[in-house]
Amino acid sequence: MAYYGSSSVSITYDDGPGGTGRNVTPFVTEIGGIKIEAMQGRTDAFGDVWEETTPTGKKRAAAVTIKGRYADDASVGSHVVFREPDDSPSDSTRTLVVVFGGTNGTFTIETRLISYEVVAKNGDLTDFEAVVQPTGSGAWS
C-alpha cells in the first residue's frame, strides 16, 4: 500500500474559459477536498420519527477552494490564471486537474471560476483564494 503527501500533489487549471491548462502547483498551499455527493430525495412520511432518504440517481461535485501565494508572473502566476471570474453563460468551462499521486489518483472536472480574492497581510506574504464550481461530471483516472 502506498501513501502520498503534499509533495505528490499537482494542480493544473485553465487560464481562462476554454484556455490553456497551467501548472499552478508552485503557488498553491491548500486545496479543498474533492467531494462527490450522491443526491438524495426525502422519502419520510408524516408520522415518521426519523428522516428517510433515497438516492435520486444524480451526483454532484462540491465547489473547490484553492488557496496560495499571490504571484503575478507573466503567463503562469496565480494572479494571471485566477484573476477573472467567469461571468458569461456562453463562455467555455475551465478544466481542473488534481493529481494526488499514484495510479487512479487523478481527478479531472470541468468548472467555472466563481470568485477570486487577493489577501494582503501585515508582515507576511500576499495570498489568494479562488473558488471553482464544478459544472458536470468528474472522473477519477
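For this chain, numbers begin at 1 and follow the sequence in order. The analysis underlying the following values was restricted to heavy atoms, covering all of them including side chains, and did not include hydrogens, waters or symmetry mates.
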Q) Does Ser10 reach the side chain of Thr25, with side-chain heavy atoms less than 4.5 Å apart? A) yes
Q) OG1 of Thr20 to CG of Asp15: how many Å apart, nearest 0.5 Å? A) 5.0 Å
Q. In chain order, what residues pass the side-chain hydrogen bond (donor to acceptor under 3.5 Å, both in side chains) check against Tyr116, with sequence neighbours excluded?
A. His79
Q. Please walk me through it: do Ile34 and Phe100 pass side-chain contact (heavy atoms from CB on, under 4.5 Å)?
A. CA-CA 11 Å; Ile34 301 300; Phe100 293 96; 3.7 Å; yes
Q. Which ILVMFWY residues can you reach from Val49 by hopping between side chains whose heavy atoms are under 4.5 Å apart?
A. Trp50
Q | Of all pairs that satisfy salt bridge (Lys or Arg N to Asp or Glu O under 4.0 Å), the ones with a partner from residues 127-141, not counting sequence neighbours | A | Lys67-Glu129, Arg69-Asp127, Lys121-Asp127
Q: Could you list the residues that satisfy ring pair (Phe, Tyr, Trp, His ring centres under 6.0 Å) with Phe82, not counting sequence neighbours?
A: Tyr13, Phe128
Q. Taking all non-hydrogen atoms of both residues, which atom of Ala63 and which atom of Pro134 are closest, and how far apart?
A. CA-CD, 3.8 Å
Q: Would you please test Arg42 and Glu52 for salt bridge (Lys or Arg N to Asp or Glu O under 4.0 Å) and show each step?
A: CA-CA 6 Å; Arg42 294 268 309 259; Glu52 299 170 4; over 6 Å; no
Q: Verify the cluster assignment for Val99 and Leu96: are they in a single hydrophobic cluster under the rule of side-chain heavy atoms below 4.5 Å apart?
A: no
Q: Could you check if a side-chain atom of Val118 sits within less than 4.5 angstrom of a side-chain atom of Thr126, using non-hydrogen atoms only?
A: yes
Q.
Is there a path of hydrophobic side-chain contacts, each under 4.5 Å between heavy atoms, that joins Ile109 and Val132?
A. yes
(Q) Hydrophobic cluster membership, with links at side-chain heavy-atom distances under 4.5 Å among I/L/V/M/F/W/Y: are Leu125 and Val81 in one? (A) no
**Q.** Note, Thr106 side chain near Val98 side chain (heavy atom, < 4.5 Å)
**A.** no
Q. Are Leu113 and Val131 linked, directly or through other ILVMFWY residues, by side chains that come within less than 4.5 angstrom of each other?
A. no
Q: Each residue besides Met39 in its hydrophobic cluster should be listed here, by chain and number; the cluster joins Ile, Leu, Val, Met, Phe, Trp and Tyr at side-chain heavy-atom distances under 4.5 Å.
A: none
Q. Do any pairs count as a side-chain hydrogen bond (donor to acceptor under 3.5 Å, both in side chains) and have a residue in residues 130-139, sequence neighbours left out, and if so which ones?
A. none
Q | Inter- and intrachain pairs under salt bridge (Lys or Arg N to Asp or Glu O under 4.0 Å), touching residues 76-88, at least two apart | A | Asp86-Arg94
Q. Which pair of non-hydrogen atoms, one from Phe107 and one from Gly138, has the smallest distance, and what is that distance?
A. CZ-CA, 3.7 Å
Q. Residues in side-chain hydrogen bond (donor to acceptor under 3.5 Å, both in side chains) with Thr54, at least two apart?
A. Thr43
Q | Listed once per pair and sorted, the salt bridge (Lys or Arg N to Asp or Glu O under 4.0 Å) pairs that draw on residues 108-119, sequence neighbours left out | A | none
Q | Minimum heavy-atom distance between Pro17 and Ser92, given as atom pair plus value | A | CB-O, 3.0 Å
Q: Return the set of residues passing salt bridge (charged side-chain N to carboxylate O under 4.0 Å, His left out) with Asp91 (not counting sequence neighbours), or none when no residue passes.
A: none
Q.
On a heavy-atom basis, which atom in Thr56 and which in Gly41 lie closest, and how many Å separate them?
A. CG2-N, 3.5 Å
**Q.** Selection residues 29-40 - residue pairs positive for side-chain hydrogen bond (donor to acceptor under 3.5 Å, both in side chains), sequence neighbours left out
**A.** Glu37-Arg60, Gln40-Thr53
Q: Treating Ile, Leu, Val, Met, Phe, Trp and Tyr as nodes and any side-chain heavy-atom pair under 4.5 angstrom as an edge, say whether Val97 and Ile36 lie in one connected cluster.
A: no
Q.
Pair Thr108, Thr95 - check side-chain contact (heavy atoms from CB on, under 4.5 Å), show working.
A. CA-CA 7 Å; Thr108 305; Thr95 305; 3.8 Å; yes
(Q) Between Thr65 and Ile31, does the side-chain contact (heavy atoms from CB on, under 4.5 Å) criterion hold? Intermediate values first, please. (A) CA-CA 6 Å; Thr65 301; Ile31 184 167; over 6 Å; no
(Q) Can you list everything that forms a side-chain hydrogen bond (donor to acceptor under 3.5 Å, both in side chains) with Ser115? Sequence neighbours excluded, please. (A) none
